[in-house]
Amino acid sequence: MKRLTASLFILLLASSLVSAATYTLPGDTYNNIGVMGEVMINLNVTIVNTAPFPKFIVVNPRYDFTVYRLDNSESVQAFLLGDTVVHNISNVQRTTLNYYTGFWIMPYETVVVNFRITSHYSYIIPTIDYQTVCGDSAKITSVEYNGSSVSGVVQDLDDIGVLSCGVVYPQLINTPKVIYMRSMFPIIDGHIKILGYEGDVTFRLTNVPNGAGIFNTFFAAAIPVIFDGANMTDFTPNYTMTYRDYMEEFIWKYKGLNPPQKTQPQPLPSMPGMFQLSNSLISGVSVGVPELKPPEQAGFDFPVWIIFMGKGVDITYHVSWKTEGR
């Protein structure tokens with residue numbers, strides 16, 4: 001008789017745990033090892049209006065904002081109330097127009113506006129499931145906390161010929177989101193100029209089902225948001241390596257394997273009897289010899305952290321950008 005492919009585990013703890021709760025792996029906001037990634041952004045943006053009349057700037061309601069002038073009363077904040085997002089709009093006559101939320105910028109005015117995504121309504125990044133050679137089998141698929149005990153379900157692998165599903169290594173669980181200036185401010189108005197921005201990004205990684213603090217996770221995480229053309233500094237904690245180092249060197253050394261050798265381009269064979277290239281047209285007019293340049297290596301590099309984590313960790317970094325000539 002074939003056994004069921006799921007088995008129950010029970011772990012008794014002496015200390016009291018959280019109240020009764022059950023979590024499945026993966027969940028709605030976290031992957032199959034329980035890791036959720038949240039991003040919080042805090043940017044101060046300097047904007048100028050070169051027109052002789054006021055302009056109203058519409059703001060993406062996914063961002064809170066505060067206009068730094070007078071008493072700073074022009075602001076909008078969002079927060080989650082259960083599963084509902086609530087927007088708190090202050091100074092409605094100055095922060096709404098045609099039922100859009102935003103702010104006025106006066107003629108020839110330069111103003112600093114703070115844009116934020118906060119922990120009250122954070123941006124959840126997609127996290128990739130961790131995989132072994134056994135796929136998603138041979139792992140815990142749900143966890144239940146009940147008083148002083150932890151129980152759950154382990155997904156069995158119904159093959160006695162397999163004793164191991166491999167060695168755990170730090171797989172990358174996310175890819176960066178690149179934000180470009182044009183996408184940040186798609187303003188079709190020649191009078192509105194963005195002079196610069198600076199601020200901080202917080203990347204919060206949490207082991208969501210780890211209410212008892214007994215489960216550990218081991219993985220790699222990439223920088224969550226790249227601001228194209230901006231300076232990114234003050235990484236805390238400092239990143240472990242770059243993506244290129246991670247892919248081309250670290251993973252292979254960690255596994256005790258040799259990286260694949262890069263193939264060298266082979267020269268084209270000569271073709272006797274065919275027309276040969278020359279720097280003259282058939283008419284005899286001389287033309288320049290074309291300069292052949294190998295294509296640049298595709299892709300770009302970015303920070304990667306190797307993380308051994310219990311309940312969670314915060315990664316922060318600073319971003320800044322100024323328009324040329326300022």
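Only this structure's heavy atoms are used, side chains among them; waters, hydrogens and symmetry mates stay out.
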For a 4.5 angstrom cut-off between non-hydrogen side-chain atoms, does [X] reach [Y]?
X	Y	value
Ile251	Met247	no
Thr316	Asp234	no
Asp228	Ile179	no
Leu205	Met36	no
Met184	Tyr197	yes
Phe219	Ile306	no
Asp200	Val319	no
Asp189	Lys55	yes

Linked, directly or transitively: [X] and [Y] (ILVMFWY side chains, under 4.5 Å):
X	Y	answer
Met40	Tyr317	no
Leu172	Trp305	yes
Leu80	Phe65	no
Ile315	Phe308	yes
Val168	Tyr254	yes

- Message: Apply side chain to side chain contact (heavy atoms under 4.5 Å, CB included) to residues Phe203 and Val313 and explain how you reach the verdict.
- Response: CA-CA 8 Å; Phe203 186 23; Val313 66; over 6 Å; no
- Task: Report the relative orientation of the aromatic rings in Phe302 and Tyr243; use parallel for angles under 30°, tilted for 30 to 60°, perpendicular for over 60°.
- Result: parallel
- Query: What is the ring orientation for Phe53 with His191, classed by angle as parallel under 30°, tilted 30 to 60°, or perpendicular over 60°?
  - Reply: perpendicular
Measure across [X] and [Y] and return the closest heavy-atom pair with its distance rounded to 0.1 Å.
X	Y	answer
Pro176	Ile226	CB-CD1, 3.8 Å
Asn174	Pro224	ND2-CA, 4.2 Å
Thr24	Tyr30	O-OH, 3.0 Å
Val304	Ala220	CG1-CB, 4.1 Å
Cys165	Thr132	O-CB, 3.4 Å
Pro209	Leu25	CG-CD2, 3.6 Å

- Task: Evaluate the criterion side-chain hydrogen bond (donor to acceptor under 3.5 Å, both in side chains) for residue pair Asp245 and Thr242; output intermediate values, then yes/no.
- Result: CA-CA 5 Å; Asp245 291 336; Thr242 66; 3.2 Å; yes
Mind checking the [atom1]-[atom2] spacing from [X] to [Y]? Nearest 0.5 Å is all I need.
X	Y	atom1	atom2	value
Ile125	Thr29	CD1	OG1	11.5 Å
Asp159	Ser137	CG	OG	10.5 Å
Thr141	Gln155	OG1	CD	5.5 Å
Asp64	His87	CG	NE2	7.0 Å
Asn49	Thr110	CG	OG1	9.0 Å
Leu43	Trp321	CG	CH2	12.5 Å

Donor-acceptor under 3.5 Å ([X] side chain, [Y] main chain):
X	Y	value
Trp252	Pro260	no
Lys139	Asn32	yes
His318	Met232	no
Thr206	Val208	no
Thr46	Val112	no
Asp301	Arg244	yes
Asn31	Ile128	yes
Asn210	Asn207	no

- Message: Can you confirm whether Met241 is buried at CE, in the sense that more than 12 heavy atoms of other residues, nucleotides or ligands lie under 6.0 Å from that atom?
- Response: yes
- Query: For Asp28, does the CG atom have more than 12 heavy-atom neighbours from other residues, nucleotides or ligands under 6.0 Å away?
  - Reply: no
- Note on the structure: Residue set satisfying ring-ring contact (aromatic ring centres under 6.0 Å, His included) with Tyr239, at least two apart, ordered chain then number -> Phe235
- Task: Could you tell me whether Lys322 and Glu198 make a salt bridge, using a distance below 4.0 angstrom between a side-chain N and a carboxylate O?
- Result: no
- Query: Does a side chain donor of either Thr233 or Asn231 reach within less than 3.5 Å of an acceptor in the other side chain?
  - Reply: no
- Item | Ser75 and Gln77: side chain donor to acceptor below 3.5 Å | yes
Result block: side-chain N/O donor-acceptor pairs under 3.5 angstrom for residues 94-108, not counting sequence neighbours:
from, atom 1, to, atom 2, distance (Å)
Thr95, OG1, Ser90, O, 2.8
Thr95, OG1, Asn91, O, 2.9
Thr96, OG1, Val92, O, 2.7

- Run the side chain to side chain contact (heavy atoms under 4.5 Å, CB included) check on Phe115 and Ile41 step by step: do they pass? CA-CA 8 Å; Phe115 295 88; Ile41 298 175; over 6 Å; no
- Task: Could you check Ile117 against Tyr63 for side chain to side chain contact (heavy atoms under 4.5 Å, CB included), going step by step and ending with a plain yes or no?
- Result: CA-CA 5 Å; Ile117 293 179; Tyr63 282 86; 3.7 Å; yes
- If a pair satisfies side-chain hydrogen bond (donor to acceptor under 3.5 Å, both in side chains) and one of its residues is in residues 112-130, list it, with sequence neighbours excluded. Glu38-Ser122, Asn42-Asn114, Asn44-Asn114, Thr66-Arg116, Asn114-Arg116
- Query: Please walk me through it: do Phe227 and Val225 pass side chain to side chain contact (heavy atoms under 4.5 Å, CB included)?
  - Reply: CA-CA 6 Å; Phe227 292 84; Val225 180; 3.7 Å; yes
